[in-house]
Amino acid sequence: MESKYKYRTVMIIDDTYIDRYVIERVMKRNSYAEEVLSMESAVDAIAYLSAHAAEPEKLPQLIFLDINMPEMNGFEFLESYKNLPEEVRKNCIVMMLTTSLHEED
């Protein structure tokens, strides 16, 4: 049976509550993702991915990653992400998001 959702699970990593809330609502309303994992910090996201590395059904298929966050920014997340087990990296596509106007971002 085919799912009405484009993706089973999507993760949002953003330190701004309202951004996470709006993205989650839009995804659910448009049947984009059946489950949205909302992470306030990149540190929490790395912990989640590490904890579920052996459970591919719990891993997100897409990760929407904010660049500018305290504690661990998006680029630092990517450095940590590279060290996660291959099972995680082969199942998750990371897409970076930013409102920054800096060309290097």
Side-chain angles (χ1 to χ4, degrees):
M1 187 166 136
E2 192 173 316
S3 174
K4 72 175 189 170
Y5 298 97
K6 183 167 179 133
Y7 294 98
R8 184 187 72 252
T9 307
V10 172
M11 178 181 281
I12 303 164
I13 308 170
D14 196 312
D15 60 314
T16 306
Y17 170 77
I18 193 69
D19 289 347
R20 290 191 319 272
Y21 177 80
V22 169
I23 293 168
E24 185 172 348
R25 296 278 305 181
V26 168
M27 285 185 183
K28 291 207 174 201
R29 177 169 285 163
N30 292 293
S31 299
Y32 191 77
E34 184 173 1
E35 180 181 10
V36 178
L37 302 171
S38 184
M39 300 289 168
E40 185 174 358
S41 78
V43 172
D44 292 343
I46 289 291
Y48 178 91
L49 295 169
S50 295
H52 294 91
E55 302 170 280
E57 70 281 357
K58 292 189 177 182
L59 294 173
Q61 295 158 304
L62 282 177
I63 298 173
F64 291 95
L65 172 65
D66 185 23
I67 290 178
N68 296 312
M69 293 182 288
E71 192 175 6
M72 177 187 281
N73 68 32
F75 295 111
E76 293 164 334
F77 170 88
L78 290 177
E79 286 302 312
S80 292
Y81 181 81
K82 285 194 283 189
N83 296 319
L84 291 174
E86 183 180 346
E87 187 66 32
V88 174
R89 291 180 282 115
K90 76 177 185 178
N91 282 302
C92 307
I93 297 170
V94 179
M95 302 177 83
M96 294 184 82
L97 308 171
T98 189
T99 56
S100 171
L101 297 176
H102 298 292
E103 192 171 308
E104 61 273 6
D105 289 344

Could you tell me the separation between the [atom1] atom of [X] and the [atom2] atom of [Y], rounded to the nearest 0.5 Å?
{"X": "N30", "Y": "K6", "atom1": "CG", "atom2": "NZ", "result": "11.5 Å"}
{"X": "F77", "Y": "I67", "atom1": "CZ", "atom2": "CD1", "result": "12.5 Å"}
{"X": "Q61", "Y": "E35", "atom1": "CD", "atom2": "CD", "result": "10.5 Å"}
{"X": "L49", "Y": "S80", "atom1": "CG", "atom2": "OG", "result": "10.5 Å"}
{"X": "L62", "Y": "N91", "atom1": "CG", "atom2": "CG", "result": "11.5 Å"}

Extract all donor-acceptor atom pairs below 3.5 Å that involve side chains of residues 7-24 and protein atoms in other chains or at least two apart in sequence.
{"from": "R8", "atom 1": "NE", "to": "E57", "atom 2": "O", "distance (Å)": "3.3"}
{"from": "R8", "atom 1": "NH2", "to": "P56", "atom 2": "O", "distance (Å)": "3.3"}
{"from": "R8", "atom 1": "NH2", "to": "E57", "atom 2": "O", "distance (Å)": "3.4"}
{"from": "R8", "atom 1": "NH2", "to": "L59", "atom 2": "O", "distance (Å)": "3.0"}
{"from": "D14", "atom 1": "OD1", "to": "T16", "atom 2": "N", "distance (Å)": "2.8"}
{"from": "R20", "atom 1": "NE", "to": "S38", "atom 2": "OG", "distance (Å)": "3.0"}
{"from": "R20", "atom 1": "NH1", "to": "D14", "atom 2": "O", "distance (Å)": "2.7"}

- Name all residues meeting the ring pair (Phe, Tyr, Trp, His ring centres under 6.0 Å) criterion together with F64; count only those two or more places apart in sequence or in a different chain, and write none if there are none. none
- Would you indicate whether K28, at its atom NZ, is surrounded by more than 12 heavy atoms from other residues, nucleotides or ligands within a distance under 6.0 Å? yes
- Query: For atom CD1 of I93, is the number of surrounding heavy atoms from other residues, nucleotides or ligands below 6.0 Å larger than 12?
  - Reply: no
- Item | side-chain hydrogen bond (donor to acceptor under 3.5 Å, both in side chains): pairs with one or both residues in residues 41-51, sequence neighbours excluded | S41-D44
Nearest heavy atoms of [X] and [Y], plus distance in Å:
{"X": "L65", "Y": "G74", "value": "CD2-O, 3.5 Å"}
{"X": "V88", "Y": "L84", "value": "CG1-CD1, 3.9 Å"}
{"X": "I46", "Y": "Y81", "value": "CD1-N, 3.8 Å"}
{"X": "P85", "Y": "A53", "value": "CG-CB, 3.7 Å"}

- Got a sec, which residues hit side chain to side chain donor-acceptor pair (under 3.5 Å) with E71, two or more places apart in sequence or on another chain? none
- Message: K82: which residues meet the side chain to side chain donor-acceptor pair (under 3.5 Å) condition with it, sequence neighbours left out?
- Response: E79
- Item | With K58 via salt bridge (charged side-chain N to carboxylate O under 4.0 Å, His left out) - residues at least two apart | E55
- Query: Is there a side-chain contact (heavy atoms from CB on, under 4.5 Å) between M27 and Y5 once you walk through the steps?
  - Reply: CA-CA 9 Å; M27 285 185 183; Y5 298 97; over 6 Å; no
